[in-house]
Amino acid sequence: MSLRIVSWNVNSIRQRLDHVARFVAEWQPDVLCLQETKVRDENFPASDLAEMGFTHQVIRGQKAYNGVAILSRLPFEAQDHRIWCSKDDKRHLSVTLAGGSAGPIELHNFYVPSGGPTPDREANDKFGHKLDFLEEMAAWARVHARGRRLLLVGDLNVAPLENDVWNHKRLVRSVGHTPMESERMANLLEAGALTDVGRHFVPPDQPLYTWWGYRFPQSLERNYGWRLDHALASEPLHDALVRMEVVKATRAWEKPSDHVPLLVEIAT
DNA sequence: ATGGTGGTTGCACCA
């Protein structure tokens, strides 16, 4: 048996319902971790998702910005969230899934701050917030991820490796790919003894992207992508990793999200 | 040099 877990920044769940339905029909995921749902909880299209089979839902949204949700065919044994950087801005949710004979799996869904326009803590508060957020995640992972069967997924808004962006030299001073951010991401992995699932299946010398921006003309056709979406598995979960797929096809559908689904399959 | 949201329904804010 296996569990198919997906992370997808949908850039508004209400705008992307048809895409989610089509993706679910074609890829048959068991659990959806969504980011940037951009909707208050009372307006979340819960019944539409339930009709797709995701009757177990935990949602944390707000008006217009951010918002995360975990939608599942399987029941949760527990659900939780944390407040990061003292801001309750709806960037994190966690659930515990039964996970089979090897024991439960703790699944965490993150939407890390984008970081604003300039990679300068003094000139740009949003960049400082992002760095602080990543540091807080690392401190948390050091005490929480080790020794647990834990999978952390989400839009981490960092492309940490050279082949995680379409042009390293050109983008190394751009927010999302600076050494400051890449170091913090590496620290997060080290702190939690976490495996980068994307690079576990696709070696670092090959390009791997999950996001193609709207603003750059023909970014998809030219493959001007970034790997901003990630799955990180704790050491006790390492041997259960079966498969990873970046579902690039959705980016070419009509009116797409700028992010595509990241699918991880775990043996249970 | 696009897309989503909410609302000063034209435009500011966010990514």
Same-atom distance ([atom1]) from [N] to [M], integer angstrom:
N	M	atom1	result
B/dG7	B/dT2	P	25 Å
B/dA15	B/dT8	C1'	23 Å
B/dA1	B/dC14	P	23 Å
B/dT9	B/dC13	P	16 Å

Please report the distance, rounded to the nearest Å, between [atom1] in [X] and [atom2] in [N].
X	N	atom1	atom2	value
A/N66	B/dG4	CG	P	17 Å
A/Q15	B/dG3	CD	C1'	9 Å
A/F127	B/dA15	CZ	P	14 Å
A/D89	B/dT5	CG	C1'	17 Å
A/I13	B/dG4	CD1	C1'	13 Å
A/D155	B/dA15	CG	C1'	10 Å
A/D125	B/dC13	CG	P	15 Å
A/W253	B/dG3	CH2	C1'	19 Å

Using only side-chain N and O atoms of [X], determine if any of them is under 4.0 Å from OP1 or OP2 of [N].
X	N	value
A/K126	B/dA15	yes
A/S257	B/dG3	no
A/R16	B/dG3	no

request  = Go through residues 210-229 of chain A and report each residue with a non-hydrogen atom lying under 4.0 Å from DNA chain B, sorted by number.
outcome  =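 Result for residues 210-229 of chain A: A/Y214, A/R215, A/P217, sorted by number.
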inquiry  = Filter on side chain to side chain donor-acceptor pair (under 3.5 Å), then keep only pairs touching residues 167-178 of chain A, sequence neighbours left out; what's left?
reply    =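 Pairs touching residues 167-178 of chain A that pass the test: A/H168-A/H177, A/T178-A/E181.
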task = Could you list all the side chain to side chain donor-acceptor pair (under 3.5 Å) pairs where at least one residue sits in residues 118-128 of chain A, not counting sequence neighbours?
result =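 The answer is A/R121-A/D132.
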task = Would you please classify the geometry between the A/H108 ring and the A/H92 ring as parallel, tilted or perpendicular, with 30° and 60° separating the classes?
result =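 Ring orientation, 0 to 90° scale: parallel.
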request  = May I ask you to decide if the ring planes of A/F133 and A/H129 are parallel, tilted or perpendicular, using 30° and 60° as cut-offs?
outcome  =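 A/F133 vs A/H129 ring planes: perpendicular.
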ask   = What are the two closest non-hydrogen atoms of A/G198 and A/L208, and how far apart are they?
value =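 Closest heavy-atom pair between A/G198 and A/L208: O-CD2, 3.8 Å.
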inquiry  = A/W212: which residues meet the side chain to side chain donor-acceptor pair (under 3.5 Å) condition with it, sequence neighbours left out?
reply    =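 Only A/N223 meet the side chain to side chain donor-acceptor pair (under 3.5 Å) criterion with A/W212.
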All side chain to side chain donor-acceptor pair (under 3.5 Å) counterparts of A/H200, not counting sequence neighbours =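 Residues passing side chain to side chain donor-acceptor pair (under 3.5 Å) with A/H200: none at all.
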message = Does the structure place the NZ or CZ of A/R251 under 6.0 Å from the centre of the six-membered ring of A/W253, at an angle of no more than 45° from the ring's axis?
response =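 Negative - A/R251 is either too far from the ring of A/W253 or too far off its axis.
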request  = Would you kindly check if the NZ (Lys) or CZ (Arg) of A/R243 is within the cone defined by 45 degrees around the ring axis of A/F201 and under 6.0 Å from the six-membered ring centre?
outcome  =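 No cation-pi geometry.
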query = Near A/E162 CD, under 6.0 Å, is it more than 12 heavy atoms from other residues, nucleotides or ligands?
reply =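 Atom CD in A/E162 is not crowded, with 12 or fewer foreign heavy atoms closer than 6.0 Å.
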message = If you assign A/G115 and A/P256 each to the DNA chain B nucleotide with the nearest heavy atom, which residue ends up on the more 5' nucleotide?
response =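 Nearest nucleotide further toward 5': that of A/P256.
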key: Watson-Crick or G-U counterpart of B/dC13, or none if no pair lies under 3.5 Å   =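 Its partner is B/dG4.
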request  = Indicate for each nucleotide in nucleotides 6-12 of chain B, in 5' to 3' sequence, whether protein heavy atoms under 4.0 Å reach the base (B), only the sugar-phosphate (S), or nothing (-).
outcome  = SS-----
